[in-house]
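All remarks here apply to the structure that follows.
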Amino acid sequence: MIYLQLFLTYFKIGLFTIGGGYAMIPLIQQEVVISHQWMTMTELTDFIAVAESTPGPFAINSATFVGMKMAGVPGAILTTTGVVLPSLIIIMLIARWFANFQDNRWVKGALSGMSPVVLGLIASAVFLLLEENFASLSAAGLAIDMKAVLTTILCGVLYFKFKLHPIALILCAAALGIVLYGLVPAALTMTISL
């Protein structure tokens, strides 16, 4: 039963995600975290960081990780196949008939209509990750992790101003995380009463 569930869940994620890995995050959250509870939002956020630091597309890394966690190697194979299969089928159909339809106004309209949705899904993923990494709501109010905010700002400056290579940026962020979260006291959290 779990094997079929894993395959169908990731087949659905692969089929209905337009726009790539980041646009897929809200659907993965809905299916994997909320519906099936195969992982928590914190685990998903941690996994996104790991997946973006390792080779390979996010969708495949995510599918393989969840499949392996839930059902070992067979689960990893099924989820990875499930997430890739819809794209494979669709791209084969497009390759076969796209030349005939590329100037069709219905096709152009559909593609134009999907663009804002992809942008919205990516924005949703950004907000989900911001909420999970920077803020938590408690009885005392909204707690903001200033270490995470400072790390993000510093990495943004290093990337946009100094054009630091992404690999070097990941290593700098890891070192900064070790310093801030391993050596600096936990007092760098700001609580706002609501």
Side-chain angles (χ1 to χ4, degrees), residues 1-133 159-160 165-167 169-170:
M1 180 67 175
I2 186 70
Y3 295 120
L4 183 60
Q5 245 182 346
L6 286 166
F7 176 80
L8 291 177
T9 298
Y10 269 91
F11 186 87
K12 180 167 55 169
I13 290 170
L15 183 62
F16 292 108
T17 299
I18 308 293
Y22 294 117
M24 171 179 286
I25 292 172
L27 188 54
I28 290 173
Q29 180 205 20
Q30 178 62 44
E31 292 296 322
V32 174
V33 176
I34 296 171
S35 295
H36 297 291
Q37 298 177 350
W38 290 332
M39 64 174 36
T40 66
M41 190 58 198
T42 301
E43 288 174 320
L44 178 61
T45 304
D46 291 343
F47 177 73
I48 291 168
V50 170
E52 289 304 310
S53 303
T54 57
F58 173 74
I60 294 173
N61 290 345
S62 162
T64 305
F65 175 77
V66 171
M68 189 72 170
K69 179 182 177 193
M70 297 308 300
V73 173
I77 292 169
L78 286 169
T79 52
T80 303
T81 303
V83 80
V84 170
L85 193 57
S87 298
L88 179 66
I89 293 167
I90 291 168
I91 207 68
M92 288 174 66
L93 293 173
I94 288 173
R96 172 79 171 104
W97 288 296
F98 188 69
N100 299 337
F101 294 107
Q102 66 184 355
D103 294 325
N104 182 301
R105 69 182 184 135
W106 299 103
V107 172
K108 285 183 177 180
L111 293 173
S112 295
M114 284 189 262
S115 294
V117 171
V118 170
L119 182 61
L121 288 170
I122 292 170
S124 172
V126 168
F127 286 114
L128 285 170
L129 295 173
L130 285 174
E131 178 185 29
E132 183 64 28
N133 286 297
Y159 182 75
F160 290 109
H165 191 279
I167 293 172
L169 190 62
I170 290 168

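Side chains included, hydrogens not; waters and symmetry mates left out as well; all remaining heavy atoms used.
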**OP:** Only counting residues at least two apart or in another chain, list the ones meeting side-chain contact (heavy atoms from CB on, under 4.5 Å) with Ile94.
**Re:**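 Residues passing side-chain contact (heavy atoms from CB on, under 4.5 Å) with Ile94: Ile90, Phe98.
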Is it true that, when you exclude [X] itself, more than 12 heavy atoms of the residues, nucleotides or ligands shown sit nearer than 6.0 Å to its [atom1]?
{"X": "Tyr159", "atom1": "OH", "result": "no"}
{"X": "Lys69", "atom1": "NZ", "result": "yes"}
{"X": "Leu93", "atom1": "CG", "result": "yes"}

Using distance only, find each side-chain donor-acceptor pair of residues 72-85 under 3.5 Å and give its atom names and separation, not counting sequence neighbours.
{"from": "Thr79", "atom 1": "OG1", "to": "Ala63", "atom 2": "O", "distance (Å)": "2.5"}
{"from": "Thr79", "atom 1": "OG1", "to": "Gly75", "atom 2": "O", "distance (Å)": "2.9"}
{"from": "Thr79", "atom 1": "OG1", "to": "Ala76", "atom 2": "O", "distance (Å)": "3.2"}
{"from": "Thr80", "atom 1": "OG1", "to": "Thr64", "atom 2": "OG1", "distance (Å)": "2.6"}
{"from": "Thr80", "atom 1": "OG1", "to": "Ala76", "atom 2": "O", "distance (Å)": "2.7"}
{"from": "Thr81", "atom 1": "OG1", "to": "Ile77", "atom 2": "O", "distance (Å)": "2.7"}

Side-chain atoms of residues 106-130: list all donor-acceptor pairs with protein atoms under 3.5 Å, sequence neighbours left out, distances to 0.1 Å.
{"from": "Ser112", "atom 1": "OG", "to": "Lys108", "atom 2": "O", "distance (Å)": "3.0"}
{"from": "Ser115", "atom 1": "OG", "to": "Leu111", "atom 2": "O", "distance (Å)": "3.3"}

How long is the straight-line distance from [atom2] of [Y] back to [atom1] of [X], given to the nearest 0.5 Å?
{"X": "Met39", "Y": "Ser62", "atom1": "CE", "atom2": "OG", "value": "6.5 Å"}
{"X": "Thr9", "Y": "Leu4", "atom1": "OG1", "atom2": "CG", "value": "8.5 Å"}
{"X": "Asn61", "Y": "Ile48", "atom1": "CG", "atom2": "CD1", "value": "11.5 Å"}
{"X": "Met24", "Y": "Glu31", "atom1": "CE", "atom2": "CD", "value": "11.5 Å"}
{"X": "Ile13", "Y": "Leu8", "atom1": "CD1", "atom2": "CG", "value": "11.0 Å"}
{"X": "Tyr3", "Y": "Leu6", "atom1": "OH", "atom2": "CG", "value": "9.0 Å"}

Original post:
When you look at Gln5 and Met70, which way does the side chain to side chain contact (heavy atoms under 4.5 Å, CB included) test go after all the steps?
Top reply: CA-CA 11 Å; Gln5 245 182 346; Met70 297 308 300; over 6 Å; no
**OP:** Classify the ring geometry between Phe65 and Phe47 as parallel (under 30°), tilted (30 to 60°) or perpendicular (over 60°).
**Re:**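 Parallel: the ring planes of Phe65 and Phe47 meet at under 30°.
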Original post:
Are Ile28 and Tyr10 side-chain neighbours, meaning at least one heavy-atom pair lies under 4.5 Å?
Top reply: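 Side-chain contact under 4.5 Å: yes.
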